[in-house]
Number of protein chains: 2
Amino acid sequence: MRDAEQTRQKILEVSADEIHKKGFTATSLSCILARCEISKGALYHHFQNKMELGYAVFEEVYAPAFIAMWQPPVEAEDPIQGLCDFFSAMSKNMTCDELVCGCPLNNLCQEMSGVDEGFRIRILAMQQQLNLLIATNLLRVSSQLKPDLDFSQIAYFIVSTFHGSSSLSKSSLNKELFEKVVKELCRYMQQLKR
Amino acid sequence: MRDAEQTRQKILEVSADEIHKKGFTATSLSCILARCEISKGALYHHFQNKMELGYAVFEEVYAPAFIAMWQPPVEAEDPIQGLCDFFSAMSKNMTCDELVCGCPLNNLCQEMSGVDEGFRIRILAMQQQLNLLIATNLLRVSSQLKPDLDFSQIAYFIVSTFHGSSSLSKSSLNKELFEKVVKELCRYMQQLKR
DNA sequence: AGTTTAACCGACCGCAAGGTCGGTTGCAAA
DNA sequence: TTTGCAACCGACCTTGCGGTCGGTTAAACT
């Protein structure tokens, strides 16, 4: 019962979880191996080195999950309401443990953008993709919004605030600050309407 | 010409710079020793271990600098205009290299809050102090602002957005995204006025 | 059945990290 | 002048990391 693809997926899944919780550098291969119950040889059969594993996790786990997470609220009939509901649901449904881990994209951005070009490029592409997604959907309903708004600017603003608020939560170990910021973010977004 | 205090200060200063650029974990003592031109014995004479050095850097370098940075704009007659000018000046005056390093407080928050309790406590205290500083000064001019605003919530919102925007800049390697977010942040803040 | 090869094993390597400790130096008080 | 001690030195230690590589196993094909 040797299934190469299954092994590979298991490695990606466990690695994604470890990197999310500990960060890329602090994640040790031996820890991944232990959780997957495989040997070092198996891992290095599927991935060239730790970096390539990191890239694969980003491209095959984080990026799809990220898009799958943002797309529905943004593509709702009313994207602003969609985003408000999206953020509010996070406040309510996420446990503190989950919240404190932060967004994988933001975490990697903070940790790896300045250190490794490969990560930087991938993260930047993801940021731009998300920005485009939000901006175009705001443009779609621009008739219901105030005039003279810069949608790309607004999209970056929203994402920045969201990422900043997850960062805030890390030090407080509770949802309170996150909820406060999200609440104000919703208030801001609603103000964009006519 | 042995000056213990001067040695200590030099260590703090160099460490602060290294930690700012590389992060706490990635900062190596040997690198600090080399830049200070001292031996490992000297460092361990002044600090118990790397953690204690980190705490000292936070308390004696980062915290004072942080307050010194935010206090003037916030305590201006018009704190909202003060903050707008403050952010705009950062956009204009900071080089990309500086900007990409991010805010030391936010960096440490991201990296260390979940890993070390000592750091977490100190960072949280700093966040709260800053929040209080901003909130009380908004309260001071509340007569010029719209009614029914939650100043603490707004203060956390502003700081979150600021930190999120420095995070964004790390992947883009230029000021553009930072400027965009800051511009929108100023627009938001001005809207708080009656 | 024999052969080939992808998939996997795990002992081993080099390295750099944080940290230790016995020894040395220079200054100041007695 | 002697003595005491803070300030400093640097060789050495342990630990854990990412990475290598010769060997083994299982399954698919001839």
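Proteins get letters first, then strands, A, B, ... in listed order; numbering begins at 1 in each.
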Asker: Could you state the atom-to-atom distance from CG of A:N49 to C1' of D:dC17 in whole Å?
Answerer: 14 Å
Asker: Give the ring-plane orientation class for A:F87 versus A:W70, where under 30° counts as parallel, over 60° as perpendicular and anything between as tilted.
Answerer: perpendicular
Asker: Please report the distance, rounded to the nearest Å, between CD in B:Q6 and C1' in D:dC8.
Answerer: 14 Å
Asker: Using a heavy-atom cut-off of 4.0 Å across all strands, would you classify B:L43 as base, sugar-phosphate, or nothing?
Answerer: nothing
Asker: For A:N107, give me all partners under side-chain hydrogen bond (donor to acceptor under 3.5 Å, both in side chains), at least two apart in sequence or on another chain.
Answerer: A:K170, B:Q110
Asker: Between A:R187 and B:D148, is there a side-chain N and carboxylate O pair less than 4.0 Å apart?
Answerer: no
Asker: Within the pair A:H45 and C:dC9, is there a side-chain N or O less than 4.0 Å away from OP1 or OP2?
Answerer: no
Asker: Between D:dA6 atom P and B:D3 atom CG, what is the distance in whole Å?
Answerer: 16 Å
Asker: Would you say a side-chain N or O of A:S39 is under 4.0 Å from OP1 or OP2 of C:dC8?
Answerer: no
Asker: Tell me, please, whether A:F24 has A:K50 positioned over its six-membered ring: NZ or CZ under 6.0 Å from the ring centre and within 45 degrees of its axis?
Answerer: yes
Asker: List the residues meeting side-chain hydrogen bond (donor to acceptor under 3.5 Å, both in side chains) with A:T7, not counting sequence neighbours, and say none if there are none.
Answerer: none
Asker: For DNA chain C, please output the secondary structure as dot-bracket, reading 5' to 3'. Pairs are Watson-Crick or G-U wobble, both atom distances under 3.5 Å; mark crossing pairs with [ ], other-strand partners with |, unpaired with a dot.
Answerer: ||||||||||||||||||||||||||||||
Asker: At under 4.0 Å, does any side-chain N or O of B:T7 touch on OP1 or OP2 of D:dA7?
Answerer: no
Asker: Identify, between B:G41 and B:K50, the residue whose nearest nucleotide on DNA chain C lies closer to the 5' end.
Answerer: B:K50
Asker: Give one of base, sugar-phosphate or nothing for A:T25, where a contact means two heavy atoms less than 4.0 Å apart.
Answerer: nothing
Asker: Within the pair B:S28 and C:dA16, is there a side-chain N or O less than 4.0 Å away from OP1 or OP2?
Answerer: no
Asker: Under 4.0 Å from OP1 or OP2 of C:dA6: is there any side-chain N or O of A:H46 that close?
Answerer: no
